[in-house]
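Below, chain A is the first sequence line, B the second, and so on; all start at residue 1.
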Amino acid sequence: MADRDNTLNWFMLVLRRDLTLSFRRSATYITPLIFFLIVVTFFPLALGPSQSLLSSMASGIIWISALLSSLLAVEGIFSEDYRDGTLDQYFVSSEPVFVLIFAKVLCHWLVCGAPIILASIVSSIFLYLPSGALLALIISLLLGTLFMSLLGALGAALSLGKSAILSAIIVLPFSIPTLLMGTAIMSAAINQQDYSGFLMIMGAMLAIGIPGLCLLTVEAILLNYE
Amino acid sequence: MLDSLQILFLMDGKGPYIWSCLLIFMVITSVNIIIPIIRLNKIYREGNLEE
Amino acid sequence: MSNILKVKNINCQRSGEVVLQGLNFEVEAGKNVEIIGSNGSGKTTLLRLLLGFINDYDGDIYWNDSKVPSKLQEKDIHCFYQGHQIGIKPLLTVYENLKFSSSGFNSSEEEITSVANKVGIKTFLNRQSANLSAGQKRRIAIGRWLLKDFNLYLIDEPFTTLDDEGVELIKSVVTELNNRGASFLITGHRPSELNSKKIYLDVENGR
Amino acid sequence: MNRVWSRIKNWLIAMGSPPLFYRWATSSLAWLALLAFLVLSSGLIWGIGFSPTDYKQGDVYRIIYIHVPSAILAESIYILMAVSGFISMVWRAKIAGMLINSAAPLGAGFTLVALVTGSIWGKPTWGTWWVWDARLTSTLILFFLYAAIIGLHSSIENKTKADRAVSILAVLGVVIVPIIKKSVDWWQTLHQPSTFTLTSSPSMAPEMYQPLLVCVLGFYCLFVFMLSNSLRGEIISRERDKAWVKKQFFKQ
């Protein structure tokens, strides 16, 4: 029994530590937000402000910019700890390591995913998104950004110390199912159809992704220690 | 004999598409075959120089 | 006296050139071992090899007299590793650096303040570690050793950037933890005054 | 019967060690090349030269004899890389890592062939160079997966580390590829009601279908030849300073 709440303590500790670190360094949650808004405002500038055109493409634009900004923000998730030796100490301690990885992913999701979802509400107004689809947008982005943080953590672990673009190339092809499901939820919501089926598929992907990707990330980080 | 080759090549106007596909296939495959051979020869020459 | 760790003729090559050759030593519970060698004589490689970060070596390592492929899989011996980088976060305060560590996450407020007091950084507890001197940061690292009882402490060059007072502090902390049954495996350039079995890496390679 | 099986097993284990594989590859390279050339050329000549013309599409459907086999091969190369990635992760077999590194460019090459021939096929039939057909789109995504593997491998200097990183990616990729194919197929039906899909091979006439099988077999023989050719080079470049390389490779 003591062992289980020991691991829970360990999980909460790493989460609290990363959250305090991220909030002390305000850049970590502002940059993805600004990047998201910039990318969203580029589309009306490039395609012209006509309402019918923008509202038909709104869900796609919001989803693509959300994926890209949550991916680019994930680059520093391990590099700082890897450089200053804390990651070695955590690996050696007899606590399970994938709990540490999931805590870091959850922290990244709270720090970068949540602001992106707030910004997506604002950008749905920019892009004349039909109001019925707002709730679907928030729910699908909640699941989507979590899956992206998971994938981004694996990409960051694989290319630790390398350029962020490399981890983006590695991870983006794997985010295609999430993108398709998300935009399907949006188009179903816009046509007032029921989108719970797609939510279940995204939930299933997360159910497989969380254990699977965390274990693969542990293997990927260990690889950098050779 | 000559005109049957003509028919084969032209294939009622669609011939060039097919032959260009074949050409691209041969180019990409031969690149994939030749690069390892060049790399091997380079190592072979370097190796002999060291001896 | 069952020895926690036994190392038998370890040979290891790092990118082509031999780093460790025919190394044999044991670490008994409550006793210390010091690995002394110049830079690049394989001290850090030995520590990372023991911890399972490096697995292309030949020779065997016995934890509690049972051979284990890699320390990372074997969880019942609690180890604490401190590498060259001591892992102090400049943005966190001294208290948070002690609390958010692999040894301090279960300890209560009083334990942390008492350890900080023992290590001499009680007055800076709520100050951000960014504006602390290197010596004081080392004291935080030493504080982390005391927060939880580990069987084996693997410390990489603990004496750098420490004044005499700091060296005294380490000696007292090490002896206190030895009495609690913990043992130390320390690396360094020169032999220290700790009562420990000294193993000289450069001489080993020569023979 | 189990005598034959044990000989096959020993041969497979022998292939696991680089020197033995190198010796087998050098001796049988010429035969593999000859076999690949024969099967492939007979398949192509039969398909392009002698099979009947399609009533709907005329003769341009003959591109199928290059497009479909290379798409199938690109798929199975990725699965082969995932299997050897799994082997390299579990048993730390060095040759498995080398196999991934030499098979990846081949897979990328065949995917490129499939993409280019697919778009050339689209020009006469639909008038545009690229059509967002479900199969073509998933082949394009497969090309990105190959590019990710090649990019990751070349970005890590220490080759054994690069092998382990790439095997993680290959194992993850093989789990995601069917999901991507399903979601792309579903995505196409969502946006366009089912137009003419590029190849519905089973419904083709038997005389058109048989040369296709020969072509697919020819492509597989070609791949075996190309893989042993590039794996041979990979082994030598990886183990240059080993004794057996000096003895066998530099003394020819």
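Listed options D/Leu106, D/Ile236, D/Leu112 were ranked by heavy-atom pairs under 4.5 angstrom with chain B; first place goes to D/Leu106. Note on D/Ala108, D/Ser230, D/Pro124: by heavy-atom pairs under 4.5 Å with chain B, the leading option is D/Pro124.
Looking at B/Ile28, only its side chain comes within 4.5 Å of chain D, counting heavy atoms on both sides. Proximity to chain D involves both the backbone and the side chain of B/Leu22, based on heavy atoms less than 4.5 angstrom apart. D/Ile120 touches chain B through backbone and side chain together, each having a heavy atom under 4.5 Å away. The part of D/Leu40 that comes within reach of chain B is its side chain, from C-beta onward, which places non-hydrogen atoms under 4.5 angstrom from that chain. When heavy atoms are compared at a cutoff of 4.5 Å, D/Phe223 does not approach chain B at all. Only the side chain of D/Leu222 comes within less than 4.5 Å of a heavy atom of chain B; its backbone N, CA, C and O stay farther away.
Rounded to the nearest 0.5 Å, atoms CD1 (B/Ile33) and CE (D/Met226) are 5.0 Å apart. The distance from atom SG of B/Cys21 to atom CD1 of D/Ile48, rounded to the nearest 0.5 Å, is 8.5 Å. Rounded to the nearest 0.5 Å, atoms OG1 (D/Thr26) and CG (B/Leu40) are 9.5 Å apart.
Closest non-hydrogen pair, B/Arg39 versus D/Ser237, comes out as NH2-OG, 4.1 Å.
Counted within 6.0 Å of NZ on D/Lys123, heavy atoms from surrounding residues, nucleotides or ligands total more than 12; the atom is thus considered enclosed.
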**Request:** Test B/Ile37 against D/Asn229 for side chain to side chain contact (heavy atoms under 4.5 Å, CB included), laying out the working first.
**Result:** CA-CA 8 Å; B/Ile37 293 176; D/Asn229 172 29; 3.8 Å; yes

**Request:** Decide ring-ring contact (aromatic ring centres under 6.0 Å, His included) for B/Phe25 and D/Tyr65; before the verdict, give the C-alpha distance in whole Å, the side-chain angles of both, and the deciding distance to 0.1 Å.
**Result:** CA-CA 11 Å; B/Phe25 162 67; D/Tyr65 295 115; over 10 Å; no

